[in-house]
Enquirer: 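To start, I am sharing the structure in question, which I have written as structure tokens.
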Amino acid sequence: MYLLVLGALLVLANRIPLTQPQPIAASGHECIIGRCAPQLGWDLASWEPVTDRVRGGRSTAAARVDSRTGCLVFAGTLDTSALGGAGFASVRRRRPLDLSAFRGLAVRVARAAAPPAPRVYALNLVDEVNEGTHDRGDGRRASSIEFKFSFDAPVDGGIVQASFDDFVPYYRGKPVENGPRIDTRKIVAISLMIQSYFDKQQGDYELVLESITGLLPEDSEI
């Protein structure tokens with residue numbers, strides 16, 4: 001069952017088309033997680049690595065908090081040698097979140113490893129409605145629909161933001177045509193991912209984040 005789910009993740013990680021929005025200036029933001037949340041911080045204990053290793057891959061992923069800056073460091077190696085150019089690495093946080101007060105999310109990047117290091121990352125969300133918790137009838141757990149937003153991390157830091165309409169639903173590696181809208185009231189998991197796109201990027205990577213914040217409606221003020 002676990003191998004089936006991770007196999008679906010591997011396919012998903014290597015079929016998603018790249019989108020590369022430019023970092024933009026901050027507008028109305030509200031802290032969700034990160035160094036902007038003094039009590040919660042990054043809630044490091046709730047993050048877990050999910051990589052291609054269960055399919056025979058060799059990629060690695062880890063999350064740690066820099067004690068000096070309070071930033072989250074997502075780092076490891078994207079290794080495509082074992083799976084014919086495929087590969088992915090991610091860290092996932094499974095905690096319930098109600099994001100319905102926001103129009104989207106912003107990733108505040110402190111810095112990212114410079115080329116030739118991989119630079120295209122993804123922020124993924126899973127909601128309660130589309131989580132693969134039900135039995136398919138054969139004893140195996142159904143795959144989840146993940147809502148994915150891919151971005152080109154700014155090397156020198158910046159803010160990358162996306163409305164919830166920019167999160168594209170994928171199921172078992174394929175976009176869901178006329179798929180569901182994300183239920184922002186009942187988010188059950190959030191993850192950071194890096195993938196090879198079949199050998200388009202590989203090697204050591206590092207993404208350093210200050211926070212993940214919610215974008216308030218445009219007519220709101222902080």
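FYI, side chains are in, hydrogens and waters are out, and symmetry mates aren't considered; it's all heavy atoms of this structure.
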Enquirer: Test of understanding: with side-chain contact (heavy atoms from CB on, under 4.5 Å), list the residues that count as partners of Ala112, not counting sequence neighbours.
Expert: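 Partners of Ala112 under the side-chain contact (heavy atoms from CB on, under 4.5 Å) test: Ala153, Leu207.
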
Enquirer: Not counting sequence neighbours, which residues clear side-chain contact (heavy atoms from CB on, under 4.5 Å) with Glu210? List them please.
Expert: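 Here the qualifying residues are Arg35, Cys71, Arg108, Ala110.
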
Enquirer: How would you list, by chain and number, every residue that makes a salt bridge (charged side-chain N to carboxylate O under 4.0 Å, His left out) with Asp98, sequence neighbours excluded?
Expert: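 Checked Asp98 against salt bridge (charged side-chain N to carboxylate O under 4.0 Å, His left out); zero matches.
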
Enquirer: Can you list the residues that meet the salt bridge (charged side-chain N to carboxylate O under 4.0 Å, His left out) rule with Arg58, with sequence neighbours excluded?
Expert: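 For Arg58 there are no salt bridge (charged side-chain N to carboxylate O under 4.0 Å, His left out) partners, ignoring immediate neighbours.
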
Enquirer: Checking Asp43 now: which residues fulfil side chain to side chain donor-acceptor pair (under 3.5 Å) with it, not counting sequence neighbours?
Expert: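 If we apply the side chain to side chain donor-acceptor pair (under 3.5 Å) test to Asp43, skipping adjacent residues, the hits are Ser46, Arg93.
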
Enquirer: Report the residues that fulfil ring-ring contact (aromatic ring centres under 6.0 Å, His included) with Tyr205, sequence neighbours left out, ordered by chain and then residue number.
Expert: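 Listed in chain order: Phe74.
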
Enquirer: Tell me which pairs pass salt bridge (charged side-chain N to carboxylate O under 4.0 Å, His left out) where either residue lies in residues 109-123, with sequence neighbours left out.
Expert: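 Matches after skipping sequence neighbours: Arg111-Glu206, Arg119-Asp152.
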
Enquirer: What residues, two or more places apart in sequence or in another chain, satisfy salt bridge (charged side-chain N to carboxylate O under 4.0 Å, His left out) together with Asp166?
Expert: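 Asp166 satisfies salt bridge (charged side-chain N to carboxylate O under 4.0 Å, His left out) with no residue once adjacent residues are dropped.
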
Enquirer: Applying side chain to side chain donor-acceptor pair (under 3.5 Å), can you list everything that pairs with Thr213, at least two apart in sequence or on another chain?
Expert: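 For Thr213 the side chain to side chain donor-acceptor pair (under 3.5 Å) partners, ignoring immediate neighbours, are His29.
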
Enquirer: List in chain and number order the residues that pass salt bridge (charged side-chain N to carboxylate O under 4.0 Å, His left out) with Arg64, two or more places apart in sequence or in another chain; answer none if no residue qualifies.
Expert: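 Partners of Arg64 under the salt bridge (charged side-chain N to carboxylate O under 4.0 Å, His left out) test: none.
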
Enquirer: Mind telling me whether Phe164 and Phe167 have parallel, tilted or perpendicular rings, with 30° and 60° as the class edges?
Expert: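 Geometry flag for Phe164 against Phe167: tilted rings.
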
Enquirer: Other than Val73, what residues sit in its cluster of Ile, Leu, Val, Met, Phe, Trp and Tyr side chains whose heavy atoms are under 4.5 Å apart, directly or through others?
Expert: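 Val208, which link up through side-chain heavy atoms under 4.5 Å apart, make up the rest of the cluster.
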
Enquirer: Taking atom types as modelled and ignoring hydrogens, do the side chains of Thr77 and Asp204 form a donor-acceptor contact shorter than 3.5 angstrom?
Expert: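 Yes, because at least one side-chain N or O of Thr77 sits under 3.5 Å from a partner of the opposite role on Asp204.
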
Enquirer: Scan for side chain to side chain donor-acceptor pair (under 3.5 Å) pairs involving residues 179-192, sequence neighbours excluded, and state none if there are none.
Expert: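 Residue pairs passing side chain to side chain donor-acceptor pair (under 3.5 Å), neighbours aside: Asn124-Ser191, Asp165-Arg181, Asp183-Arg185.
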
